[in-house]
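Please read these numbers as outputs of a predicted model, since none were measured by experiment. Residue numbers start from 1 in every chain, and the chains themselves are labelled A, B, ... in the order their sequence lines are given, proteins ahead of strands.
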Amino acid sequence: MSIRVEGIFKQFGTFTALDDVTLDFPKGELVALLGPSGCGKTTLLRIIAGLETADRGRILFDGADASDRHVRERQVGFVFQHYALFRHMSVFENVAFGLRVKPRARRPSEAEIRRKVMELLDLVQLAWLADRSPAQLSGGQRQRIALARALAVEPQVLLLDEPFGALDAKVRKELRRWLRQLHDDLHITSIFVTHDQEEALELADRVVLMNRGQVEQLGSPREVYAEPASEFVFGFLGSANRIEGEVRNGRLAVPGTDIALPVAADGARQVTAYIRPHELAIARGEGDGIPATVRRVLELGPLARVEFVTSAGQGYEAEIPRSELAGLALQPGEAVRLVPRTLRLFPRDAA
Amino acid sequence: MAGNAASLARKGETRFEHRSATRDPLIVRVLVLTVALGFFAIFLLLPLVVVFAEALRKGFETYWAALVDPDAQSAIRLTLLAAAIAVPLNLVFGVSAAWAIAKYQFRGKAFLTTLIDLPFSVSPVIAGLIYVLVFGAQGWFGPWLRENDIRVIFAVPGIVLATVFVTFPFIARELIPLMEQQGSEEEEAAIVLGASGWQTFWRVTLPNIKWGLLYGVILCNARAMGEFGAVSVVSGHVRGETNTMPLHVEILYNEYQFAAAFAVASLLALLALLTIALKSLVEWRSGRTQSREDAP
C-alpha cells in the first residue's frame, strides 16, 4: 500500500511539531524518517498510524483519504521503541493477540491461530521461546516478538518507532541487517523512525531528513549523504568540520588566514564551510592551508582520528587511514597545515 | 511494588547485618529492638488481646448470645449491606477516575486529583454533617425529599452515602500511580492490533492492574465496615434499623454491656486480621509476579 501525507500540521500547545509536511511513501519501500529528537518524526509516524490526529492535512492510503479512519481499521502494524509487549501474556499469546480480538466472523480457528503464530515465531527465529513471558527475554528478542505480533494481523503498512533505540550497539547492528532481510522477503511498505544516521543510511531505500517539523531533504541514502541539500543535512549526516568565513577573490578567508578554495565560488559573501574529516589532508612545511597544532591522535580501527586546534582556538578533526598515519608520525603539539580536498559552502546570513 | 521493594530490602538487611563494619554495638541493637517491640506490644497487640479476652470473659454462651441478638444481627446485616453497595460503586468510580487521570490529558486534571483526596483530608464527622445539611429535614433537599416521602438522613441511604464518601479514595489512590507508571503503550499496541476499547480494557489494562485493584478493594472494604464518624452523624442510632457494627459497639458499651460490646468488637477485630492476612497475601503474590516480570 502506498501512503501519502498532505499538508500535515500539528501543534502541541505552542510547540509546532509538524509544519505543513507533504510526503509520498511508495509501495513496498523501506523509508527512514531521520532527524534529531523533537523534529517531529515520531509525531508524523503516530499520525500515520492514527494514534495521533493532525490539526490540518490528510493521510491517503492508496490514494483514498484515511484521515478519519480509526486506528483499528487502518491495517497498520506498529512497533514501539520500548516493545510494549503485553507483560502478563506469554510470547505465544502476545503474537496471537491480534488474531484473538478479531470479530467472531473473521476470527481464525484455534488450530489456525496456532499454526499462524508458530509460523511467525519461526520467521523471527524465536519459536523456542513461545511459552516464555516477555520479562524473560532480552531486548533484541523482545523487539523481534513485537515485530511478529505486528505482522500477525497482516498489516498493509509497517511503522517502526525507533525500533532499535533501546538496544545496545552490537544487537542493534544485527537486528538492522535482519530487518532489512525481512523487508526484502515480505515487501511490506515500511516506515521507521530513527535519530541514528548510520542506521537510516544502511537500512533504508529512501531517507527523509526532518528538522523542526519540516522536511529538509528526501532521497536515497547515497543522495542525501553525497549531496546534502542544506547545512542541517550536512551537519547531521556524519561528522563535519564547520568553519565560518568569507569568500573573497576565489579564496576562503577564515579567522587568521585564507585558503584556496577547492570548489568554484565567485563574488564576495559570508559563508559557512563544511569539511568531512576524511576530506581534510594533513601537510607539513610552508604552503596553503589552515595552520594548526596536533592535539590528540586516536587510533581506532582502520581509520585514525586526529584532532587539531588553531591558534584562534577552533578545533578540527581529520580521519586518515592507519597506514598514512604511520608515514606521517604526528606528534602532539606539532604544527601542521590542514588542506581541504573538497568542501561545501552554504551562504550565511549577514546577521 | 511494595512487596518487591520489601524483598529487596530484606536482601540488603542480611548483608548489612553480617558485615562487621556496618554492625552496631550489641547494646544499641538490643535497645532499638526492645523499644520497637515494646511499643508494638503495648499499643497494637495488647488491645487486640484485650478485645478477645473481654469478649470471652463471661464464657462462650454470653459471647454467642451477644452475636445472635436481633439488634446485633441487624447491625451486622446493615454493615454488610453498606459495604456491599459502597465497595462496588467505588470500584467503578475508582477505576474510571484512575483511568482518566493516568491515561488522558484534560483541563482540571489536577483539580480532580485533589478532589479524590478530599475524603482523606476532611474529618469523617464533617463529611456526615455535610450530608445532614444537604439531605436533612432542614437541608437543601429536605422539603422536596419529605414531599416525596424519601428518607436519606437517619435511614439506610444516608449510611450508604456516608460510607461511599469516606471510602472513595482507596481504590483510585492505589491505581493512579500504578497506571501512570505503566503508561499507555500497551493499550496503544492493543488498539493498533484491532482490539476494541472493551477488549483492550479486559485483556490488557485489567490484568496489569489486578493486584493493585484487589489491594485497593481490600482496604476500601475494611474502611467501609469499620467507619464510625461519618456514619454516626447520619445514622440517628435507631436500634435494629440504622445501627452499623461500630455504632452498635458504642451503644452496648455506653449501656455497660461490656461483654456484648467486646463480642461485636471482636468480629470487627477478626475482620481487621482477615484484611491484613489478605493484604499480605496480595502483596506477596503481586511481588512475586512483579519480580518475575522485572527479571532480565
Side-chain angles (χ1 to χ4, degrees), chain A residues 12-13 45-46 48-52 70-90 93-104 106-107 132-139 141-142 145-155 157-161, chain B residues 1 3-5 7-8 95 102-110 175 177-215 282 284-296:
Chain A
F12 293 108
L45 195 77
R46 289 174 62 88
I48 294 171
L51 293 169
E52 211 85 64
H70 193 277
V71 190
R72 185 173 316 125
E73 276 119 40
R74 289 200 188 190
Q75 289 188 289
V76 298
F78 201 98
V79 174
F80 295 81
Q81 181 179 2
H82 298 288
Y83 331 120
L85 291 176
F86 305 125
R87 66 193 88 184
H88 61 283
M89 292 181 202
S90 67
E93 286 304 319
N94 261 283
V95 179
F97 186 87
L99 303 171
R100 292 203 194 283
V101 297
K102 277 183 193 290
R104 191 154 300 159
R106 284 189 286 134
R107 194 184 307 156
R132 302 278 181 90
S133 92
Q136 293 169 302
L137 310 185
S138 71
Q141 290 170 337
R142 285 185 210 188
I145 296 300
L147 195 65
R149 179 178 71 175
L151 291 173
V153 290
E154 293 174 6
V157 185
L158 194 57
L159 305 172
L160 306 104
D161 182 12
Chain B
M1 262 193 99
N4 197 32
S7 74
L8 274 180
V95 172
K103 315 253 164 171
Y104 294 98
Q105 294 297 331
F106 55 92
R107 232 175 251 272
K109 186 162 140 171
L175 292 183
L178 184 64
M179 286 170 109
E180 273 177 347
Q181 178 221 326
Q182 287 177 347
S184 40
E185 273 203 346
E186 283 183 48
E187 276 85 2
E188 283 181 351
I191 290 171
V192 174
L193 288 168
S196 65
W198 195 241
Q199 283 171 322
T200 305
F201 178 76
W202 282 105
R203 289 168 181 255
V204 177
T205 308
L206 199 61
N208 277 344
I209 60 166
K210 64 181 173 202
W211 293 114
L213 185 63
L214 195 55
Y215 189 78
V282 167
W284 176 72
R285 278 294 318 235
S286 71
R288 232 179 34 164
T289 33
Q290 195 75 21
S291 55
R292 206 180 60 219
E293 277 156 13
D294 287 347

Would you mind listing every side-chain hydrogen bond (donor to acceptor under 3.5 Å, both in side chains) that reaches into residues 193-205 of chain B, with sequence neighbours excluded?
B/Glu187-B/Thr205, B/Ser196-B/Gln199
Check: B/Ile191 and A/His70 side chains under 4.5 Å, non-hydrogen atoms:
yes
Contact part of A/Arg100 toward chain B, heavy-atom cut-off under 4.5 Å: side chain, backbone, both or neither?
both
Part of A/Val76 lying under 4.5 Å from any heavy atom of chain B:
both
How far apart are the closest heavy atoms of B/Gly197 and A/Arg72, and which atoms are they?
N-NH2, 3.7 Å
Structural part of A/Ala150 lying under 4.5 Å from a heavy atom of chain B:
backbone
Measure the NE2-CG distance between A/His88 and B/Leu206 for me, rounded to the nearest 0.5 Å.
9.0 Å
Of the non-hydrogen atoms in A/Val101 and B/Leu193, which two are nearest, and what is the gap between them?
CG2-O, 3.9 Å
Turns out that what part of A/Leu99 lies under 4.5 Å from chain B's heavy atoms comes down to neither
Over all heavy atoms of both residues, which pair between B/Ala189 and A/Arg149 is shortest? Give the atoms and the distance, please.
CB-NH2, 3.4 Å
If I measure from the heavy atoms of chain B, does A/Phe78 come under 4.5 Å with its side chain, its backbone, both, or neither?
both
Please name all residues satisfying salt bridge (charged side-chain N to carboxylate O under 4.0 Å, His left out) with A/Arg46, sequence neighbours left out, ordered by chain then number.
A/Glu52, B/Glu188
